[in-house]
Amino acid sequence: MPVFRPLPSVPDHDALELEVLERWKREGTFDELRARNSGGPTFSFMDGPITANNPMAAHHCWGRTLKDVFQRYKAMRGFDQRYQNGFDCQGLWVEVGVERDLGLNSKKEIEEYGLAEFAERCKERVAQYGEVITEQSKRLGMWMDWDNDYYTFSDTNIEYIWRFLERVHDNGWLYVGHRSVEWCPRCGTSLSQHELINSYEELTHPSLYVRFPLRDREGESLVVWTTTPWTLPANVAAAVKPDAEYGLRASGDWVAVARYPEDEFVRRARGEELVGLEYEGPFDELPAQAGIVHRVIPWDDVTLEDGTGIVHIAPGAGAEDFELSKVHDLPVLAPIDEAGRFYGDYGEFEGRSTEEVEKPVVVELERRGRLVEHGSITHRYPVCWRCATPLVFRIADDWLISCDEIRDQMLAANATVEWTPAFYSKRMDDWLRNMGDWNISRRRYFGLPLPFYPCACGRLNVVGSLDELRERATAGLVQLQELHRPWIDEVTIRCDSCGEDVRRVPEVGDAWLDAGIVPFSTLGWENDEWVEGGHATGAARGLSGADLPDHAYWEKWFPADWVSEMREQIRLWFYSQSFMSVTLTGRSPYNAVLTYEKLLDETGREMHRSWGNSIDAAEALDSMGADVMRWMFCEQVPSQNLKFGYGPANEIKRRLLTLWNSVAFLVTYANIESFRPRYADLAGLDAELKPLDRWLVARTQQLLREAEQEYERYWTPGVVRAFDAFVDDLSNWYIRRSRRRFYSDDDAAFRTLWHAVAQASRAIAPVLPFLAEHLWQNLVADPCDDAPRSVFLAPWPEAGEVDEQLLAEVAAVRRVVELGRQARSTSGIKLRQPLRRLVVEGAPSAEGHAEEIAEELRVKEVTFGDAKSFVRFRVKPDLRKLGPKLGPELPKVRSALETFDFEQDDEGNFLVAGHTLSQDEVLIDKTGPAGAEWAHAQDDGVTVAVDTRLDPELELEGRVYDLIHRLNSMRKDAGLELTDRVRVTLPKSCAELERHREWIAREVLAVEIRFGDVHQPQLEQA
RNA sequence: GGGCGAUUAGCUCAGUUGGUUAGAGCGCCGCUCUGAUAAGGCGGAGGUCCGUGGUUCGAAUCCACGAUCGCCCA
């Protein structure tokens, strides 16, 4: 029975991960970890809710990996954590998903379907995808308290938002805005400013130049440019830039001179001279236009960058237009309804959409000779972020929260937050400085019911809790199954001013209210008594076992020590959370933030299902494996977009192979030699260690220290880099150098290598939980009875003293070896051929390691000190020392040294340009010719020279190495096991090698070597 | 128009206190090891570190201005 399970030549990540998941489940590892850490110091992480509306996409895995990495790290360090996952459950996302499923495509169709039924479908959808996301997250390795998720559509969550809104109202911040807003005609609702961002697409629209004939100026017209023909029927004014120059063409058209510098004008006028002129509107005969006087108004913001310098103004169909209407007292014509269709007083346009009227408008203008030019333009135009319908402007009443008073408080709160990467803090500030009032209302169905009950008496009743609703209700309580439409709409309450019955407004709330309240709703803010299962109320009933904790619990866990979400969340969740928290408590709800950019495909394009380049989470998890994905996410500098794909994944798989092979090496020989590991070795190795062993121990300590530092600053790229470098050193220095020691029962070597691999697994476990656990099981948990059953149940391996001197020595050795290889390679002599002598200068700290250097470079002797006889030497200033000392004199000294313009005194000091430099103030480089017998290489003060002369003895040894090489190749070709013994027959021509018979036999595991009548060496299994 | 980033090898990107000859991976060429083996190692070619100016003994790094790209706001 081997000590370790043999490793296959390459890891099967998928199988290995499923096995680890199964073991965690079987052994209750996560529960045990939580129990162990319970009562320890707290690490408060607040999970931003993931929308339970679709399976996970690759980009979700990025964020969820980061969340899991740091929760695992903190858990290994003994921190008590909550692990509560959150689902975002209501609002437009879910509605649109359900609409698609049901084939509904307008608000009318939803209403015909029935709001109660529609709400049930929404809840089913949330339940369904909540489950899918949970399974996918588990597969990714996420450890969360999966049975106690919070759902933002619970009555509890809703009530907490009501309390917030009540506070907002008490503060006097709540108001109804009558404004021009971006409107989605399909969804039938306005969008808030944070919903507009990132939702621009390249769209082609008509580009029209249209005449507005001036009254009292026969034959003269203003020419305006528009890309929205549908707004022309609502035109009431034309704006000019008062200080710009306008010109009248011979054709009678007025345009800005700056726009047409080449044109000839029969008359010129400043914009202000045109102000006040009246003109004929484009569609004056429409009933809606009755009695409207169209006139020219001044507007400083008229652009001379495009168009004609004269702007068509329709206050009912544009934001700036609407603002101007207030300044200039213009009539406001609102042409379209909630579905984006024209109202009845727009003649032939009635009932048509904004797109459908484009053509008739053009035809009509043309017929009347009003059209100067008709083309098209492709520009960036906002579309609905959910359904991609192009947005329009319309006048609407929305509920808004004023930002005036909170803005500075939020800025102050943000100043307390530690952002990673740091510059995101400034972006948050920028957003806060510029944020407009928060539009919280949506004219939809399955969302947060706004608890606003305006009364005819002028009183706005804002209900702050379910209890208050019950108390004030005058009807509808019996059927109130949950706080959603349609049920909530049936409840009427008594106005607390006049006592009349009042109804709720029909609007629902912005989904970011739902997400923003969770630092309060999930932690039991101002809740007197702990309520078991108290978060699974209303629509969340039966979905979760989450409790509603009491206020003491909130005190313990608020604010979050750390949150992590993608960059967009600056204007979304980071914003809404902070807004609500500052309102309620005056402080930031999180202390530290890790933010990351966007996930693109591996060529750098955005992923889109319709482009065929999208990779969803399930597919990626299946074909890459979770560890590989996690590595990719962790390696990525979070301020850069991540190029995600199979190409990069395969590269990572290959890189992980070095670790795998190192472990496989250990396992192979440990089994052959029946090595038995001791768990206590991980706390400190007390074996008789050789210098190289002590080096690996120091190197391992260094890894632990670096990893810890990087985890502490939430910088996964640093962790990955440190680990990668460690594995390279482990494999390409320690194992490479020590290989032979494992062919025999060298206890110190086995223990040292085992120690290093086990400790490294612990350090990387948060990033690669599966691989680390798999290795821990095989290397530690299974063979050591006293070891923790999981790498995550072992405590974090604290870094001890790092032997910096030893690390420096070996670094010097490796540099010498590197140079030695370079020197050898310039000579053209194979590494297999032994050489007589190597001389090293400038690497004093490598002096204790002459034997290693000799072995690596296959030379008989390594001497230190005198390479001068082989090379010329060059002296360079040590800038760190001499810079401060010499100041402006330095360049002179430097160039003198470069041109060998210096002398050396008896003490070895350098006399140059009037200065005396001691030896430790300069760096000495060797360079130059040394004759054909010596090959050399130098770098940064270190020089090596190797004697390339061969003598008969060296040549003979070279032949022995050749033979060994050849025989071992034959062994491999013959498919022999590592431990198989062989009999070798050599041709008589090899007789001279007789002297090295034992050496050869040892290297090829030969029980017999004889010389026979053969032409080629032959070999058979013994 | 304002804000925040980015610009480093053919490609993808590291490079947090300013320090000597700027790194990695991939790709390319050559060599090499062969008991990690459809791997590994070494070497080479390949860089005006976007540009200009400034601070400094010294700038990829700090400052100013400009260019290009990206993101956010207006």
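Everything numeric in this text was worked out from a predicted model, so none of it was measured. As a basis for the values below, the full set of heavy atoms in this structure was taken, side chains included, without hydrogen atoms, waters or symmetry mates. Note on naming: letters A, B, ... go to the chains in the order of the sequence lines (proteins, then strands), and numbering restarts at 1 for each one.
- A donor-acceptor contact closer than 3.5 angstrom links the side chains of Trp419(A) and Asn414(A).
- Taking the side chain of Leu657(A) as heavy atoms from C-beta on, and the options U12(B), A39(B), G35(B), the nearest nucleotide is A39(B).
- For Arg713(A), the side-chain atoms get nearest to U16(B) when compared with the rest of C71(B), U16(B), G5(B).
- Base engagement by Thr658(A) is indicated by at least one non-hydrogen atom pair under 4.0 Å involving a base atom.
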What's the verdict on side-chain hydrogen bond (donor to acceptor under 3.5 Å, both in side chains) for Asp746(A) and Ser744(A), showing C-alpha distance, side-chain angles and the deciding distance? CA-CA 6 Å; Asp746(A) 185 328; Ser744(A) 63; 5.4 Å; no
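- Applying the 6.0 Å contact sphere to CD of Glu712(A) captures more than 12 heavy atoms from other residues, nucleotides or ligands.
- Closest to the side chain of Phe423(A), out of G25(B), U12(B), G5(B), is G5(B).
- Closest to the side chain of Arg721(A), out of A14(B), G3(B), G35(B), is A14(B).
- Checking U16(B), A39(B), C71(B) against the side-chain heavy atoms of Trp715(A) singles out U16(B) as nearest.
- Using a 4.0 Å cut-off, some side-chain N or O of Asn732(A) falls inside it from OP1 or OP2 of G41(B).
- Trp999(A) has its ring centre less than 6.0 Å from the ring centre of Tyr961(A).
- Distances shorter than 4.0 Å separate none of the side-chain N or O atoms of Lys426(A) from OP1 or OP2 on G3(B).
- Here the side chain of Gln640(A) is nearest to one of G3(B), C4(B), A14(B), namely A14(B).
- When the side-chain nitrogen and oxygen atoms of Arg433(A) are compared with OP1 and OP2 of G2(B), none of them lie within a distance under 4.0 Å.
- Distances from the side chain of Val637(A) to the nucleotides G35(B), G41(B), A14(B) place A14(B) closest.
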RNA chain B in dot-bracket, Watson-Crick or G-U pairs under 3.5 Å, [ ] crossing, | other strand? (((((((..((((.....[...)))).(((((.......))))).....(((((..]....)))))))))))).
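- Note on Arg655(A): nothing from the nucleic acid sits closer than 4.0 angstrom, heavy atoms only.
- Salt-bridge annotation for Glu568(A) and Arg571(A): absent, with no side-chain N of the basic residue lying under 4.0 Å from a carboxylate O of the acidic one.
- Comparing the C1' positions of A9(B) and U21(B) gives a spacing of 16 Å, expressed to the nearest Å.
- Candidate nucleotides A39(B), G3(B), G35(B) were compared by shortest atom distance to the side chain of Asn661(A), and A39(B) ranks first.
- Within a 6.0 Å radius of CD in Glu673(A), other residues, nucleotides and ligands contribute more than 12 heavy atoms.
- Residues satisfying the side-chain contact (heavy atoms from CB on, under 4.5 Å) test with Ala58(A), not counting sequence neighbours, are Leu599(A), Phe644(A).
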